[in-house]
Amino acid sequence: MPSQSLHLDVFQKIKSLGFNAISAYFFWGIHEPKRGEISFDGFRDLQPFFDAAMKAGLYVIARPGPYINAETTGGGFPGWGTYTPGLWRTSNTSYVEAYTGYMKAIGAQIAKKPNYQRRSRNPCGFEAPFTEDFTYESELKAVLRSVGVTVPLTVNDAWPGGHFVDIDIYGYDSYPNGFDCAHPNDWLPGAVDSTEYFWGAHLQFSPQSLNAVYEFQGGAFDPWGGAGYEGVFSTAHPGVYTSYDYGSAIAEDRTLREKYYELKLQANFRSVSPAFLTSRPINIFSTQGSFTGNQALKTTQVLDVVGNKTGFYVVRQTDASTTAVQTYNLTLSTSIGTLTIPTIGGSLALNGKDSKIHVVDYAAGSTTVLYSTGEILTWATIDKRDIILVYGNAGELHETAFKFTSAIPAATVVSGTGTIKTKVLAGNSLTLQYQTTGQTVVQVGNTVLYILDRANAYDFWVLHPASTGAFAQFSTQNPILVKGGYLLRSVSTTGGTLAFTGDLNSTAPVSFEIIAPAAFQSATFNGVKLALTKTRYGTLTAQKTATLPAVTLPNLAALKWKTADSLPEIQSQYSDALWTVADHKTTINPTPPNTTVVLYAGDYGFHTGNILWRAHFNATGAETGFAAQLQGGSAFGFSVWLDATFLGSWAGDAVTSAFNGTFSFPTVLPKGSTHVLTILQDHMGNEENWWAAGDDFKTPRGILSYSFLGNATTTVSVWKVAGNLGGESYADHSRGAFNEGGLFAERQGWHLPGFNDAAWAVGAPTQGIAHAGVAFYRTSFDLNIPAGVDYPLALVFTNSTANPHFRAQLYVNGWQFGKYVNNIGPQTSFPVPQGILNYNGVNTLGISLWAADAGGARLDSLALKLTAKVESSMAPVPLFHDLPSQLTNAKARGSLCCPRVIFPTPLSVAGLVSLDVLDHVDVSISYAYLPLKR
Ligand code: GAL
């Protein structure tokens with residue numbers, strides 16, 4: 001995240017799930033957008049990211065590529081790769097030479113802190129699938145080792161296909177439900193079957209290491225025109241829009257979804273169940289009907305084959321798509337013989353898409369759980385008592401049985417309205433039957449059993465005070481269990497006081513229950529003392545009400561907006577003399593050009609954002625129109641002008657990545673007259689290169705073919721192209737190579753906070769323009785959001801139906817934070833993180849509006865909205881600051897450029913020849929006149 005300080009917030013949330021590691025991709029194209037110029041400055045700095053993981057107590061699985069996929073442009077490959085010869089993702093020399101610099105540099109970053117690297121066991125990862133190239137694989141490993149990476153190396157195969165198995169920890173990914181955000185409740189019937197097949201693959205390919213699944217459908221991406229994530233930040237490839245929320249447990253605005261609380265149950269169970277680490281699935285491919293006799297259910301027996309023979313019985317529906325309820329009894333062997341459970345009578349139930357893990361002979365401190373159908377959330381030994389938390393859906397029948405070494409103690413309900421039935425079993429065992437409804441606490445000798453329904457289970461947090469030394473935050477000792485609160489982040493235990501930090505999201509009082517050693521008699525929450533009451537079974541309770549101060553947000557519609565035309569290129573006096581001449585006669589691109597000169601933007605160093613093309617020609621008098629096939633990736637669009645006359649547009653749809661458009665000229669062009677066609681196109685990012693030894697990411701962006709209608713012999717005398725200012729020598733190092741595209745506004749720096757728009761006309765994006773073209777709008781507003789809260793904000797559009805064909809890009813304090821395509825969608829809400837937004841001061845908002853129809857376009861509405869209100873213990877978020885080297889640059893370009901830099905051709909060429917390192921007249925002027933202004 002460009003707001004580096006927000007990494008800690010997200011990592012703490014992950015840690016509080018009970019997780020101990022994160023896996024992260026690093027994106028070559030961000031670090032080396034120009035070949036040989038590798039940067040880890042500013043938002044590209046990995047150290048704050050690693051430091052935050054360390055502070056939160058999380059190990060890191062670093063996945064530096066070189067190929068990552070990850071719905072990033074080119075799958076992580078830099079744009080210059082599109083014109084670099086040779087098959088990529090192979091041992092081809094040109095590819096090896098291309099990636100070596102980056103892999104060494106990123107490897108050195110990862111290896112930089114040798115202690116951290118060694119102790120934190122952060123593996124390094126690569127991405128498969130491969131057309132197996134063993135030389136490539138061994139060279140990749142060698143390059144990381146050569147710069148001091150000592151941790152195990154991993155590979156993520158895109159399925160358990162056995163590629164790149166000569167690696168420390170081979171693994172794979174799986175998305176068994178595919179990528180369909182429109183129907184989150186419709187699962188594929190065989191969605192869970194793959195797990196059985198995976199085990200065989202593990203035994204075949206990597207029996208010597210752990211069975212690693214590096215990605216397993218934490219959510220799904222949503223394409224242009226998709227359903228949206230609630231019904232889901234990005235350097236997007238054409239398959240996804242601006243959001244990569246993914247419908248994940250932690251949403252894009254960093255709020256927690258229900259999925260978060262469900263994952264918390266599972267992660268906490270794993271972290272207190274060491275037997276699970278040495279278990280093996282036993283009955284693969286004969287799970288249907290096993291242990292239950294119910295063919296509608298599959299039960300996998302997973303046995304600890306090393307330790308105390310704990311059994312885990314994973315029950316789920318045979319048909320994963322069903323929402324039916326199945327009832328069942330489990331007949332299985334335990335240390336006291338074969339039992340049919342429930343042993344007291346009745347039956348168990350599996351609801352719809354649930355799956356359950358029932359345990360047998362499970363150790364929870366000094367307590368032996370003979371079996372439990374109520375699922376274990378966690379257990380902890382506190383003051384010599386074993387506290388065990390079990391849960392089920394509200395109203396479900398469950399049993400938990402304990403095996404004692406001596407006489408069976410009495411079981412007493414000490415809290416809650418639930419009742420229990422008990423039955424003595426063989427071997428000093430006692431089973432308890434109960435319904436999981438609300439919260440009921442039962443004491444059985446030195447064991448305290450919390451019986452919870454799912455909603456109550458979601459409320460529990462397992463916190464560990466930091467120990468000492470460099471890895472203090474990784475401690476798993478001295479657990480303290482707390483019920484209550486939207487998020488609990490940490491506990492510290494100094495001076496007999498429990499000091500909790502956490503977040504609350506409701507003004508209704510939160511009831512905390514604290515299960516901690518009796519030595520702690522006082523507690524604080526976010527520094528405020530809690531009034532504690534002791535329960536009859538020794539835990540502490542307290543109430544807390546969140547403080548959620550009201551804030552006044554600016555009404556964007558009521559602000560003063562300024563506007564300027566961002567398409568002066570169509571005016572007759574406009575000179576493109578300093579634009580890049582598109583004159584390449586050859587390309588290495590696998591798509592052979594159908595044009596006399598290569599018209600692929602990538603071949604001229606433009607890899608992102610809007611691209612402008614200008615074709616100069618002499619008319620013969622016979623031309624009646626122009627036809628062109630452009631390619632920009634799914635959801636792209638383009639508009640065409642003959643001189644200042646609009647000819648038409650392809651407005652785009654969700655799936656079309658190349659389109660052949662035919663445009664009529666309004667009048668006959670006099671023979672010998674000179675004209676310019678201006679084409680504005682969108683570039684949605686480069687395709688991914690999912691298949692190794694393929695060239696998909698080189699799929700061109702630009703003009704594939706063109707012709708003049710009426711006269712096939714008319715030729716373009718010169719083609720010019722403009723993309724982002726400077727191309728690969730991009731201008732804004734603070735915000736990175738993907739922040740700007742080729743719109744005039746962007747080349748001029750109109751989106752930057754320092755730009756002086758005093759001379760501009762007054763006009764708002766909701767007024768828009770009444771003709772096809774591009775307008776740019778600017779405004780500024782203050783925010784005053786108090787400390788101690790996390791109030792995420794989003795810029796929200798409403799869909800316009802009147803003149804629907806338009807595209808808008810959002811810039812917040814210079815950062816591009818969204819591409820809105822009104823006629824495609826689905827995204828209308830664009831979260832902008834604190835730190836990019838100045839929460840206590842002035843903000844600059846810029847919007848480009850590209851109207852694709854002759855009638856023009858306007859935004860129906862645009863609003864700044866809170867997406868949540870949370871009282872938060874999140875660390876303060878400093879405002880993003882431009883890199884020192886950028887201050888002069890941005891300011892120069894932004895404030896000293898006149899809104900229209902239109903020079904007669906002779907002046908622009910004659911006057912600025914000495915500054916030919918820059919390829920746009922506007923920036924040249926800024927640099928040239930900056931000292932004079934001062
Ligand atoms: C995986 C890949 C990820 C991502 C995912 C789909 O195969 O490893 O990078 O692209 O598919 O979201």
Side-chain angles (χ1 to χ4, degrees), residues 21-31 60-78 81 88-89 106 123-131 137 140 153-165 167 169-184 188 191 194-195 197-198 201 205 212-229 232-252 259 633-634 684-694 696-697 699 827:
I22 53 137
S23 165
Y25 287 115
F26 302 107
F27 180 179
W28 177 8
I30 278 185
H31 294 288
V60 176
I61 299 174
R63 301 173 66 178
Y67 185 72
I68 60 172
N69 214 60
E71 288 73 76
T72 50
T73 177
F77 283 160
W88 281 38
R89 306 191 67 190
I106 192 114
C124 260
F126 308 109
E127 181 93 3
F130 285 93
T131 299
E137 294 170 12
L140 266 186
L153 299 177
T154 69
V155 71
N156 174 54
D157 209 351
W159 72 90
H163 309 103
F164 208 151
V165 295
I167 192 88
I169 311 172
Y170 170 80
Y172 47 86
D173 69 45
S174 175
Y175 292 79
N177 269 317
F179 301 93
D180 179 8
C181 294
H183 306 99
L188 298 178
S194 47
T195 50
Y197 152 68
F198 289 172
F205 302 128
V213 189
Y214 290 109
E215 300 171 31
F216 199 59
Q217 189 99 60
F221 61 77
D222 192 39
W224 286 100
Y229 289 109
V232 220
F233 176 87
S234 89
T235 55
H237 99 303
V240 292
Y241 45 89
T242 307
S243 178
Y244 202 56
D245 174 289
Y246 223 81
S248 60
I250 304 177
E252 183 181 2
K259 200 184 264 188
S634 308
M684 311 308 281
N686 288 327
E687 302 294 337
E688 291 177 322
N689 212 77
W690 200 77
W691 287 105
D696 287 355
F697 85 107
T699 304
Q827 189 178 15

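Everything quoted here is computed from the prediction, not taken from an experiment. Order of listing sets the numbers, starting from 1, for every ligand and every atom in it.
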- Query: Does the N or O separation between Arg63 and ligand 1 drop below 3.5 Å for any pair?
  - Reply: no
- Note on the structure: Check: of Glu688, Glu71, Glu127, His237, min heavy-atom distance to atom 8 (O) of ligand 1 comes from Glu127
- Task: Can you sort out which atoms of ligand 1 are near Asn69, meaning under 4.0 Å from one of its heavy atoms?
- Result: 2 (C), 4 (C), 9 (O), 10 (O)
- Task: With heavy atoms only and a cut-off of under 4.0 Å, state how Asn156 meets ligand 1: side chain, backbone, both or neither.
- Result: side chain
- Query: Which bit of Phe179 gets closer than 4.0 Å to ligand 1, counting heavy atoms only: side chain, backbone, both or neither?
  - Reply: side chain
- Could you tell me whether a side-chain N or O of Asp222 sits under 3.5 Å from a main-chain N or O of Gly228, the two making a donor and an acceptor? yes
- Query: Less than 6.0 Å separating the ring centroids of Trp28 and Trp88?
  - Reply: yes
- Task: Using a 4.5 Å cut-off on heavy atoms from C-beta on, say whether the side chain of Phe198 contacts that of Phe216.
- Result: yes
- Would you say Ala70 has any N or O atom under 3.5 Å from an N or O of ligand 1, going by distance alone? yes
- Query: Who's closest to atom 11 (O) of ligand 1 heavy-atom-wise, of Tyr175, Tyr172, Trp690?
  - Reply: Tyr175
- Task: Quickly, which of Asp157, Asn69, Val155 forms a side-chain contact (heavy atoms from CB on, under 4.5 Å) with Glu127? Name it, please.
- Result: Asn69
- Query: Does Tyr244 come within less than 4.0 Å of ligand 1, judged by its heavy atoms?
  - Reply: yes
- Message: Pairs of nitrogen or oxygen atoms closer than 3.5 Å, one from Ile68 and one from ligand 1: do any exist?
- Response: yes
- Task: Test side-chain hydrogen bond (donor to acceptor under 3.5 Å, both in side chains) on Asn689 and Asp696 and set out the steps.
- Result: CA-CA 5 Å; Asn689 212 77; Asp696 287 355; over 6 Å; no
- Query: Which residue from Tyr246, Tyr25, Tyr67 reaches closest to atom 6 (C) of ligand 1 through any of its heavy atoms?
  - Reply: Tyr246
- Item | Protein heavy atom at shortest distance from atom 7 (O) of ligand 1 | Asp173 OD2, 2.8 Å
- Message: With no hydrogens and no angle check, just 3.5 Å: does a side-chain donor-acceptor pair link Arg63 and Tyr25?
- Response: yes
- Message: Need the ligand 1 atom indices (1-based, order shown) with element for anything under 4.0 Å from a heavy-atom of Phe221.
- Response: 6 (C), 12 (O)
- Ring centroid separation Phe164 to Tyr170 under 6.0 Å: no
- Show the numbers, then the answer: is there a side-chain hydrogen bond (donor to acceptor under 3.5 Å, both in side chains) between Glu252 and Tyr244? CA-CA 7 Å; Glu252 183 181 2; Tyr244 202 56; over 6 Å; no
